[in-house]
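Source: prediction; values computed, not measured.
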Amino acid sequence: METIPMANQRQQKKENFLRQFRDEHSKEFKPLTAAQFMEIWSHYDMDGNGFIEGHELDDLLRELASSVNSNDTGPDLIPDSVLKELKESFLEAYDENDDGKIEIAELAEILPTDQNFLLLFRKDHPLDSSVEFMKVWKEFDADCSGYIEADELKLFIKALLAKRQGTNITEEKLIEYTDTILHIFDTNGDGKLQFSEMTKLLPVKENFLLRPIFKGCSTITPQDLDRVFQLYDKDGNEIIEEEELDGFVKDLMDLIKKEYDHEDLQQFKRTLLNGCDYNRDKKISKAELKMILLALAQPTDT
């Protein structure tokens with residue numbers, strides 16, 4: 001009967017994944033390469049949804065706390081009461097958007113990761129809008145395939161680091177970063193990034209359509225309509241078109257789907273224009289936008 005608990009103990013001794021990344025003497029984390037960071041992320045984001053949450057976060061915190069010990073210890077040695085307090089303090093310190101879970105950018109703040117690689121996850125200069133996102137997307141989707149493929153992603157990473165750091169990095173590092181980004185964000189494993197995957201790497205400051213004025217209202221004031229229209233009409237020509245229209249459609253898609261690709265976006269745009277583009281110019285006027293926003297504000301049947 002006693003062999004089972006002993007076996008469990010031996011199994012638990014192997015389960016502290018983080019200890020291998022600590023210095024044997026100082027117990028501090030050793031500097032991590034981009035590939036090692038990806039390995040840690042993938043280990044704890046067990047469902048691959050892009051967050052460490054729930055029991056995944058519990059596992060991370062237990063092992064984070066116990067990995068400083070020289071002797072192997074099982075997770076049961078950290079009482080639930082201590083874990084709860086640790087979790088509250090941890091989220092208060094690192095959960096920047098207060099959603100109760102850890103994103104890749106937040107984990108990157110915790111672990112001593114390659115500083116150049118960290119620059120890819122900086123959130124201090126997010127894109128102002130989805131219109132800006134669409135401009136970046138079209139710039140790097142050079143073959144217009146609807147995906148950011150490995151070579152295009154490498155060029156994007158190079159340009160992003162040059163903008164944020166001001167210096168170039170080696171080809172070897174570019175390849176390492178590209179492979180790591182694909183491992184982390186390419187959730188469907190096709191070796192390229194689709195729209196929804198790319199948004200995790202290149203966040204937008206705000207989805208304008210999540211603003212309170214769109215929730216449950218039966219009327220939209222001219223002032224509200226003007227304000228929203230100006231958010232998308234970046235060139236001020238009184239029409240939402242091209243990247244502006246794609247940015248608007250992207251914000252709509254983000255409300256209804258977590259994972260989508262270029263074809264999904266284009267199909268949704270065609271459906272939207274078929275329903276509200278009354279003059280069939282493949283653009284959105286202010287009057288047409290008002291109809292869309294009123295429809296968006298209506299509660300959905302459950």
Side-chain angles (χ1 to χ4, degrees), residues 11-12 14-22 29 32 34-68 73-114 117-118 120-124 126-127 133 180-190 193-207 209-210 250-251 253-261 302:
Q11 185 178 9
Q12 287 177 348
K14 299 177 182 178
E15 287 180 352
N16 195 311
F17 185 74
L18 288 177
R19 186 176 291 115
Q20 63 184 302
F21 301 105
R22 288 192 183 273
F29 279 111
L32 301 173
Q36 287 172 326
F37 176 85
M38 180 275 293
E39 186 180 1
I40 291 173
W41 175 264
S42 299
H43 179 81
Y44 292 103
D45 180 24
M46 289 180 283
D47 59 7
N49 72 341
F51 300 99
I52 296 176
E53 58 186 332
H55 68 85
E56 299 169 340
L57 182 55
D58 292 345
D59 290 345
L60 170 65
L61 293 177
R62 282 194 172 101
E63 296 196 1
L64 190 64
S66 60
S67 63
V68 297
T73 57
D76 292 341
L77 296 184
I78 299 179
D80 289 342
S81 59
V82 175
L83 177 65
K84 181 180 179 182
E85 185 176 344
L86 177 62
K87 192 172 186 177
E88 290 174 355
S89 300
F90 186 84
L91 289 174
E92 183 178 355
Y94 296 108
D95 182 21
E96 297 178 5
N97 56 2
D98 297 322
D99 60 359
K101 45 194 176 185
I102 294 297
E103 302 175 9
I104 290 176
E106 293 164 345
L107 184 66
E109 293 296 321
I110 300 165
L111 300 174
T113 310
D114 179 338
F117 186 63
L118 277 179
L120 297 175
F121 302 104
R122 280 176 52 177
K123 288 187 172 182
D124 50 350
L127 296 178
F133 175 89
T180 302
I181 291 298
L182 284 173
H183 272 95
I184 293 174
F185 292 107
D186 179 21
T187 54
N188 61 3
D190 61 0
L193 297 183
Q194 61 186 29
F195 268 90
S196 55
E197 294 166 342
M198 188 68 172
T199 58
K200 298 173 184 176
L201 180 60
L202 197 62
V204 171
K205 184 185 299 183
E206 179 186 14
N207 182 339
L209 301 184
L210 290 174
K250 176 189 171 297
D251 280 347
M253 284 289 290
D254 286 339
L255 299 180
I256 60 175
K257 291 188 73 172
K258 290 184 177 180
E259 301 293 333
Y260 59 93
D261 59 20
T302 56

Can you classify the ring geometry of F117 versus F37 as parallel (below 30°), tilted (30 to 60°) or perpendicular (above 60°)?
perpendicular

Could you tell me whether a side-chain N or O of D251 sits under 3.5 Å from a main-chain N or O of N207, the two making a donor and an acceptor?
no

Partners of F21 by ring-ring contact (aromatic ring centres under 6.0 Å, His included), sequence neighbours excluded?
F17

Worked verdict on E197 versus N188 for side chain to side chain contact (heavy atoms under 4.5 Å, CB included)
CA-CA 9 Å; E197 294 166 342; N188 61 3; 3.3 Å; yes

More than 12 non-hydrogen atoms from neighbouring residues, nucleotides or ligands closer than 6.0 Å to CD on E85, yes or no?
no

Could you tell me whether D254 and K250 make a salt bridge, using a distance below 4.0 angstrom between a side-chain N and a carboxylate O?
yes

Just by distance, do the side chain of E53 and the backbone of D99 share a donor-acceptor pair under 3.5 Å?
no

Evaluate the side chain to side chain contact (heavy atoms under 4.5 Å, CB included) criterion for residues D45 and I102: first the C-alpha distance (whole Å), next the side-chain angles of each, then the deciding distance (0.1 Å), finally the verdict.
CA-CA 10 Å; D45 180 24; I102 294 297; over 6 Å; no

Are any non-hydrogen side-chain atoms of L64 and F29 less than 4.5 angstrom apart?
yes

Atom pair CG/CE of L182 and M38 - distance to nearest 0.5 Å:
10.0 Å

Quick check: does any side chain N or O of S81 sit under 3.5 Å from a backbone N or O of P79, one acting as donor and the other as acceptor?
no

K101 NZ to L91 CG distance, which is reported to the nearest 0.5 Å
11.5 Å

Please check if the side chain of E109 supplies one atom and the backbone of Y94 the other of a donor-acceptor pair under 3.5 Å.
no

Evaluate I40 against L18 for side chain to side chain contact (heavy atoms under 4.5 Å, CB included), listing each step before the verdict.
CA-CA 8 Å; I40 291 173; L18 288 177; 4.0 Å; yes

Quick one: does any side-chain atom of D186 pair with a main-chain N or O of D190 as donor and acceptor, under 3.5 Å?
yes

M198 versus F133: any side-chain heavy-atom pair under 4.5 Å?
yes

So how far is it from M46 CE to D59 CG, rounded to the nearest 0.5 Å?
5.0 Å

Just verifying a value: how many Å separate F185 CZ and I104 CD1, rounded to the nearest 0.5 Å?
4.0 Å

Show your reasoning for whether side chain to side chain contact (heavy atoms under 4.5 Å, CB included) applies to L107 and Y44.
CA-CA 11 Å; L107 184 66; Y44 292 103; over 6 Å; no

Donor-acceptor check, side chain of S89 to backbone of L86, threshold 3.5 angstrom: yes or no?
no

So how far is it from L57 CG to I52 CD1, rounded to the nearest 0.5 Å?
7.5 Å

Note, E259 side chain near Q194 side chain (heavy atom, < 4.5 Å):
yes

Could you measure the distance from the CD atom of E88 to the CG atom of D95? Nearest 0.5 Å is fine.
12.5 Å

Identify the heavy atoms of N16 and S66 that sit nearest to each other, and give their distance.
ND2-OG, 2.9 Å

D58: partners by side-chain contact (heavy atoms from CB on, under 4.5 Å), with sequence neighbours left out
R62, L83, K87

Result for side chain to side chain donor-acceptor pair (under 3.5 Å) between S67 and one of R22, R19, Q20 points to R22

